[in-house]
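Here is the structure we will look at, set down as structure tokens.
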There are 2 protein chains.
Amino acid sequence: MTDMRADEPALGGLRERKRRQTLQRITDAAVRLFLAQGYEATTLDAIAAEAGISRRSFFSYFRSKDDILLSLQGSFGDEVAAEVLKAPPGSTPLHAVRDALIAACAPYPADEMIVIDRLMRSSEAVQARKQASYVQQERTLFEALRERWPDPERETALRLVAMMSIGAVRLSLDALSREGGRRSLVELLGEAFEALERAI
Amino acid sequence: MTDMRADEPALGGLRERKRRQTLQRITDAAVRLFLAQGYEATTLDAIAAEAGISRRSFFSYFRSKDDILLSLQGSFGDEVAAEVLKAPPGSTPLHAVRDALIAACAPYPADEMIVIDRLMRSSEAVQARKQASYVQQERTLFEALRERWPDPERETALRLVAMMSIGAVRLSLDALSREGGRRSLVELLGEAFEALERAI
DNA sequence: TGCAAATTTGCACTTAGTGCGTATATATCA
DNA sequence: TGATATATACGCACTAAGTGCAAATTTGCA
């Protein structure tokens, strides 16, 4: 389990490294238990024990049990927003977002996404917070779009682009889970945006 | 506080009537306390005491503290869906939804909506579940649309219509709160749909 | 009135999450 | 290297939400 790659020579001091390791250990332990016994049935005591820390210390890594699952989502929204800011001149907002999204999704393996999605559905509270995070991502995306196309006249239109794009992500992820991964997320996203453009 | 109107001659038996009264008393008590001390600072013990019931009985009226606030939203989504099913022949899906939404929103007073919205923002969990309820409403709306326009070819387009419509509701409610009620929800909804149609 | 069903309640329990004080490990600098 | 500051880990006691269960009370109805 020596997880240090040659090209990442132990970033930060020992303190930071240990912290990252512990964080990973907690996440791994939690996901293992969630898959084995279900989310609700897994107590924080069990997770802490499995990760080899005290119950109290858990809360210096996560604010709540829900946050473990939510952290699996990563900082997807920010990546997309950063990409949108770099959209080449002449491109349309919708195309820029589509390309950014597809580029950002491509690296993630579908089966992992499906597992995470299934886990998240097992808790109503987590599921709800996931929906809320879409709204947050929509906001982030809108801010990026407004910075890239600052014309005040377009503001409402950009709000709609953000809304429709995040909506497309949502519909695509739903479809991915529904279909059990028969088609890739990139493919589904492409299709969703195609439908979007046909409608427009 | 005799709350019986002449045209509603005590629906149901005494049991049902008392139950509705108690439900109302709990809601009133809770909202009063939330406004006075804030959501998080108000305990279930306090709500139960204020409503004149035991803490244990509270849970035979609401599944959780969050549910009190969520219940204030009403069954908006179902009303809209029912209205969409009755859309006149020849109307387009987007117009049908727009009209249904505007009709359904009209009766609710803006200031009340703003108060509820503000209360909901005071709890992250409640706010999250509110976003989740939008997703649910989107699903309900889509089902209604598919029933009214059953052509399988249009299914994806109808999914998008549902998404954009609920999105418009979300953006309009946000704007209502942001503007503090200077413009009515009906007006804001109309504007949102106008922008939507311009984009299409 | 008397019996069945629904409602209310108290009590004990589990779990999530917080505050606080202390011990221990790591970082920094002389 | 050693002293000191700082971050981390932990134990303990606490609050508050939510559940299961069984007894007590109230209501519906014959």
Side-chain angles (χ1 to χ4, degrees), chain A residues 9-27 29-31 33-34 36-71 119-120 122-129, chain B residues 4 9-27 29-30 33-34 36-71 119-120 122-129:
Chain A
L11 258 80
L14 173 59
R15 211 170 245 175
E16 260 182 74
R17 228 178 318 145
K18 270 182 87 169
R19 193 171 178 80
R20 269 196 302 273
Q21 279 175 13
T22 306
L23 189 71
Q24 193 59 51
R25 235 177 33 247
I26 297 173
T27 306
V31 169
L33 292 174
F34 291 161
Q37 339 173 319
Y39 178 80
E40 313 276 5
T42 304
T43 67
L44 288 183
D45 283 299
I47 297 172
E50 180 87 3
I53 58 170
S54 75
R55 199 184 108 82
R56 191 64 188 80
S57 295
F58 169 86
F59 290 102
S60 81
Y61 287 91
F62 290 99
R63 284 176 52 216
S64 71
K65 189 174 152 185
D66 293 356
D67 280 21
I68 306 173
L69 285 185
L70 290 166
S71 77
L119 273 178
M120 285 189 153
S122 66
S123 157
E124 203 192 331
V126 172
Q127 183 66 12
R129 289 190 57 191
Chain B
M4 296 181 289
L11 259 79
L14 173 58
R15 216 166 240 175
E16 261 183 74
R17 224 180 319 143
K18 269 184 87 172
R19 194 170 177 81
R20 268 199 301 275
Q21 280 175 13
T22 306
L23 188 70
Q24 192 59 52
R25 238 180 26 251
I26 297 174
T27 306
L33 291 174
F34 291 162
Q37 338 172 320
Y39 179 80
E40 313 276 8
T42 304
T43 67
L44 288 183
D45 284 298
I47 296 172
E50 180 87 3
I53 58 169
S54 74
R55 197 184 109 81
R56 192 64 187 80
S57 295
F58 169 85
F59 290 103
S60 81
Y61 289 91
F62 291 99
R63 285 175 52 216
S64 70
K65 190 174 152 187
D66 293 356
D67 280 20
I68 306 173
L69 286 185
L70 290 165
S71 77
L119 274 178
M120 287 190 153
S122 65
S123 156
E124 204 192 331
V126 172
Q127 183 65 11
R129 289 190 55 191

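All chains are named by letter (A, B, ...) in the order of the sequence lines, taking the proteins before the strands, and each is independently numbered beginning at 1. Computed from heavy atoms alone, side chains included, the values below leave out hydrogens, waters and symmetry copies.
For A:R15, the side-chain atoms get nearest to D:dT6 when compared with the rest of C:dT15, D:dT27, D:dT6. Considering only the side chain of A:R56, C:dG19 comes nearest among D:dA7, C:dG17, C:dG19. Comparing C:dT7, D:dA9, D:dA17 by their closest approach to the side chain of B:R19 singles out C:dT7. Here the side chain of A:K65 is nearest to one of C:dA16, D:dT27, D:dA7, namely C:dA16.
The residue B:S57 sits close to a base: some heavy atom pair falls under 4.0 Å. Residue A:Y61 is classed as a sugar-phosphate contact, given heavy-atom separations below 4.0 Å to backbone atoms only.
Atom CZ of B:F59 is separated from atom P of D:dT19 by 6 Å (rounded to the nearest Å). Computed from coordinates, the B:Q21 CD to C:dT7 P distance equals 14 Å when rounded to whole Å. Whole-Å rounding puts the B:F62 CZ to D:dA17 P distance at 15 Å. Remark: C1' of C:dA16 and CG of A:D66 are 10 Å apart, rounded to the nearest angstrom. Remark: P of D:dG18 and CG of B:D67 are 8 Å apart, rounded to the nearest angstrom. Between the CD atom of A:E124 and the C1' atom of D:dG18 there is a distance of 14 Å, rounded to whole Å. In this entry the distance linking CD of A:E16 with P of D:dT8 reads 9 Å, nearest Å. Rounded to an integer number of Å, the gap from CZ of B:F58 to P of D:dT19 is 11 Å.
Checking A:L69, A:L119, A:I68, A:D67 one by one against A:V126, the side chain to side chain contact (heavy atoms under 4.5 Å, CB included) holds for a single residue, A:L69.
Looking at heavy atoms from C-beta onward, B:T22 lies out of side-chain contact with B:R19 at the 4.5 angstrom threshold. For the pair B:T27 and B:Y61, the minimum side-chain heavy-atom distance is 4.5 Å or more. Side-chain contact between B:S123 and B:R129 is absent, with no heavy atoms from C-beta onward closer than 4.5 Å.
Relative to the six-membered ring of B:F34, B:K65 misses at least one condition, a distance below 6.0 Å or an angle of at most 45° to the axis.
Across residues 44-55 of chain A, A:I53, A:S54 each have a non-hydrogen atom less than 4.0 Å from an atom of DNA chain D (numbered order).
The minimum heavy-atom distance between A:S64 and A:F58, with the atom names listed, is O-CZ, 3.8 Å. Smallest separation of non-hydrogen atoms from B:M120 and B:L70: CE-CA, 3.8 Å.
When each of B:T43 and B:K18 is assigned the nucleotide of DNA chain D with its nearest heavy atom, B:T43 is the one assigned upstream, toward the 5' end.
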